[in-house]
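Both counts, for ligands and for their atoms, begin at 1 and track the order of listing.
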Amino acid sequence: MPDDAHKTPSPHDGQGFATRMSHAGRAGTRTHGFVNPAVHRGSTVLVPDCESRRSFAKDRFNRVMTYGTAGGPTHYALEDVICEIEGGTRCVLVGTGLAAVTVPLMAYLKAGEHCLMPDSVYGPGRNIATGLMANYGIETTFYDPTIDEAGIAALIRPNTKVVYTESPGSHTFELQDVPALARAAHAHGAKVLMDNTWGIHNFMPFKHGVDVSIQALTKYVGGHSDVLLGSITTNTEEDYLTVRNAASQMGHFAAPDDCWLALRGARTMPVRLKHQEQSGLAVARWFEQRPEVLRVLHPGLPSHPQHALFKRDFTGSCSLFGVVFQPRYTEAEIFRFVDSLALFGIGASWGGFESLALPTTGFITRTATSPDLGGFAVRIHIGLEDVGDLIADLDRGLATLPR
Ligand SMILES: *Cc1c(COP(=O)(O)O)cnc(C)c1O
């Protein structure tokens, strides 16, 4: 059924992020006065007559509910919220952040074509490039994520169709000059895809030349380590249809219950993110002063090699960063430090309310740059705990290291 009532009016431009996150995706969702939209679960959607079925089934651009996989009111509400976060016009929801990485790659590339991917790409993104994409005859060149406009232009081939970006990079936190890479890509007619999970709303992808923005909603949007979900946001009708068609051909879908959890997460995300940003910076600065630490990989710190790009393109940071220890420490010593922490879990995802510490050395694959950071690295995610307690815990943990 077409359902105009679900077109939620965009909150007023110029309003603050927290205001917009409180009001987006709410109006007109037929909630009988309840504040939140209902969860619409369903496979079959009944239509009033046969003629309606014929006309509705062809429409992929408008919000026409024809079958569960085409989405429903719960999806539409979240799609509107994600567009509000990233400044795009339309969004495709998929079951995981990883699916949000793979769907646009498969949508924009075909046999005989070429993809450019940063060496610091999220690991499973590298896996599809060297796995399925290679099997289907799509070649990928991994490039130094800090490459400049002339450098990327020199790597672009006649058959290059996608310049993929992720800023900062997974585990190593290099920032990319996305507008410069986008200029080179567009001069050649290639699409710019970006994994914007770290930047969330602190990097506005479409203002910086990105065509397709990827988010693992699993992280800060979900915010409670209880949901897996991904979004692919676009800014033109053509890009929306390209992504949407690829997602539906491959049978991708997001569960309405998970969309509802992500909607709930989005309402409080501005407050959580601000708190976590401040705590993250405080802990990162504390680490920087410690003699056990060689360097801290946090784009928001002046010591970060591309901090100038951070100041130019980002309005803030999230609470995920890296800590590189002095080279004199062994793996066993760093493992003992991490194991000794009481408030930091050892786990892979991030963006939840709880703090995490994850050894990354040995899990970093690099083919165009060096994976050697100068010492053993631990990725830190700062949650919502009191920052003084977190620092006290880390302080006790560092005391396990030999002097
Ligand atoms: C976690 C993550 C993903 C994948 O998200 P899942 O929901 O766990 O599949 C994609 N990109 C980045 C940068 C991530 O950190």
Can you give me a line-by-line list of nitrogen or oxygen pairs between ligand 1 and the protein shorter than 3.5 Å?
{"unit_1": "ligand 1", "atom_1": "7 (O)", "unit_2": "Gly97", "atom_2": "N", "d": "2.8"}
{"unit_1": "ligand 1", "atom_1": "7 (O)", "unit_2": "Thr218", "atom_2": "OG1", "d": "2.5"}
{"unit_1": "ligand 1", "atom_1": "9 (O)", "unit_2": "Gly97", "atom_2": "N", "d": "3.2"}
{"unit_1": "ligand 1", "atom_1": "9 (O)", "unit_2": "Leu98", "atom_2": "N", "d": "2.9"}
{"unit_1": "ligand 1", "atom_1": "11 (N)", "unit_2": "Asp195", "atom_2": "OD2", "d": "2.6"}
{"unit_1": "ligand 1", "atom_1": "15 (O)", "unit_2": "Lys219", "atom_2": "NZ", "d": "2.6"}
{"unit_1": "ligand 1", "atom_1": "15 (O)", "unit_2": "Trp350", "atom_2": "NE1", "d": "3.2"}

Distance-only criterion, 3.5 Å: show the donor-acceptor pairs between side-chain atoms of residues 247-254 and protein atoms not counting sequence neighbours.
{"unit_1": "Ser248", "atom_1": "OG", "unit_2": "Arg244", "atom_2": "O", "d": "2.9"}
{"unit_1": "Ser248", "atom_1": "OG", "unit_2": "Asn245", "atom_2": "O", "d": "3.3"}

Legend entry - Phe376 vs Thr330 side-chain heavy atoms within contact, under 4.5 Å: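 Phe376 does not reach Thr330 side chain to side chain.
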
Inset, instruction - State, yes or no, whether a side-chain contact exists between Phe206 and Asp211 at a heavy-atom distance under 4.5 Å. - result: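 Sidechains of Asp211 and Phe206: no contact.
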
Inset, instruction - Validate the cation-pi geometry between Arg90 and Phe61: distance from NZ or CZ to the six-membered ring centre under 6.0 Å, angle to the ring axis within 45°. - result: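 So Arg90 does make the cation-pi contact.
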
Legend entry - Salt-bridge contact Asp177-Arg183 (side-chain N to carboxylate O under 4.0 Å):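 No.
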
Inset, instruction - Establish, yes or no, whether a centroid distance under 6.0 Å links the rings of Phe310 and His304. - result: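 No; His304 has its ring centre 6.0 Å or more from that of Phe310.
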
